[in-house]
Amino acid sequence: MSFHQILNFAGLAALYALAASLFVHTGFRVLRGRWMAAAGPAVFLTAFFLALTHHPFPDPTRLDCSDGGEPPLFVPFHFARAAIGLWQNEASAGTWLLDLSVASAVMNLVLCAAIGAALVPLVRRTRTVLLFAIGLTGLVEISQLTGIFGLYDCPYRQFDVDDLILNVAGIVLGFGGGRRLVHARL
């Protein structure tokens, strides 16, 4: 995937997230919701995450399901093996950035940490954030495993157990770190 394709992909995901955020914001304004200013970043980041995990949608007529689609990956921490291999081979920074396993793991952790930090003004209990994290990432991974719940004949994105682990960890760590920053300011 070229830099230009990545930029287009991220731009469209941000556009989807902005549209979803504006839709939710308008709904809350109509309902006179006062906490929307605080919820805005969390809604935007969650919508951005959802768009990134499903976009780009394949053309159903060109989707090859003869082999069952994308196979699930149930090997936990497979990104660590890739990182160890890069480290042992003294790979360049460019090679690290282009390694899909490592880059995907870092992006999952960072984006989900941002979601967790955005939840700080909205949620008081870590348990609530943990349940949100498990629900959100579970929903995403199951939708990928099922071809968006049967919308597609087979999975076009890969279910990955590492995504479950890293997304939940990122949200919880981001929430904990954000809460500590807020309490440090007080």
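Please read all numbers here as calculations on a predicted model, not as lab measurements. One is the number of the first residue; the rest follow in order along the sequence. Values below: every heavy atom of this structure, side chains too, minus hydrogens, waters and symmetry copies.
- Remark: Pro60 engages Tyr152 in a side chain to side chain contact (heavy atoms under 4.5 Å, CB included) (not counting sequence neighbours).
- Here the shortest heavy-atom pairing between Ala82 and Asp99 reads CB-OD1, 3.9 Å.
- Looking at residues two or more places apart in sequence or on another chain, you find a side-chain hydrogen bond (donor to acceptor under 3.5 Å, both in side chains) between Asp64 and Ser66.
- In this structure, Val168 shares a hydrophobic cluster with Leu130, Ile134, Val172, the cluster being traced through Ile, Leu, Val, Met, Phe, Trp and Tyr side chains under 4.5 angstrom apart.
- Clustering ILVMFWY residues whenever any of their side-chain heavy atoms sit less than 4.5 angstrom apart, transitively, puts Phe49 in a cluster other than the one holding Val161.
- To the nearest 0.5 Å, atoms CG (Leu166) and OG (Ser104) are separated by 8.0 Å.
- Among residue pairs with one or both ends in residues 108-127, those qualifying as side-chain hydrogen bond (donor to acceptor under 3.5 Å, both in side chains) are Asn108-Asp163, Thr126-Arg179; sequence neighbours excluded.
- Pairs of residues two or more places apart, or lying in two chains, never qualify as ring pair (Phe, Tyr, Trp, His ring centres under 6.0 Å) while including a residue from residues 113-143.
- Shown here for Val120 and Gly178, the closest heavy-atom pair between the two residues is CG2-C, 3.7 Å.
- For residues 55-150, every residue pair satisfying the disulfide bond (SG atoms under 2.5 Å apart) rule, not counting sequence neighbours, is listed here: Cys65-Cys154.
- His55 and Phe57 have perpendicular rings, their planes meeting at more than 60° on a 0 to 90° scale where under 30° would count as parallel.
- A side-chain hydrogen bond (donor to acceptor under 3.5 Å, both in side chains) check over residues 80-92, counting only residues at least two apart or in different chains, returns the pairs Ser92-Thr95.
- The side chain to side chain contact (heavy atoms under 4.5 Å, CB included) check on Asp67 picks up nothing, with sequence neighbours excluded.
- Residues satisfying the side chain to side chain contact (heavy atoms under 4.5 Å, CB included) criterion with Ala118, sequence neighbours excluded, are Pro41, Ala42, Leu45.
- Applying the ring pair (Phe, Tyr, Trp, His ring centres under 6.0 Å) rule to pairs touching residues 60-79 yields Phe74-Phe159, sequence neighbours excluded.
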Distance-only check: which donor-acceptor pairs under 3.5 Å involve side-chain atoms of residues 135-150, not counting sequence neighbours?
unit_1, atom_1, unit_2, atom_2, d
Thr137, OG1, Asn167, ND2, 2.9
Glu141, OE1, Asp160, N, 3.0
Ser143, OG, His54, NE2, 2.5
Ser143, OG, Leu139, O, 3.3
Ser143, OG, Val140, O, 2.7
Gln144, NE2, Thr53, O, 2.6
Thr146, OG1, Ile142, O, 2.9
Thr146, OG1, Ser143, O, 3.4
Thr146, OG1, Phe149, N, 2.8

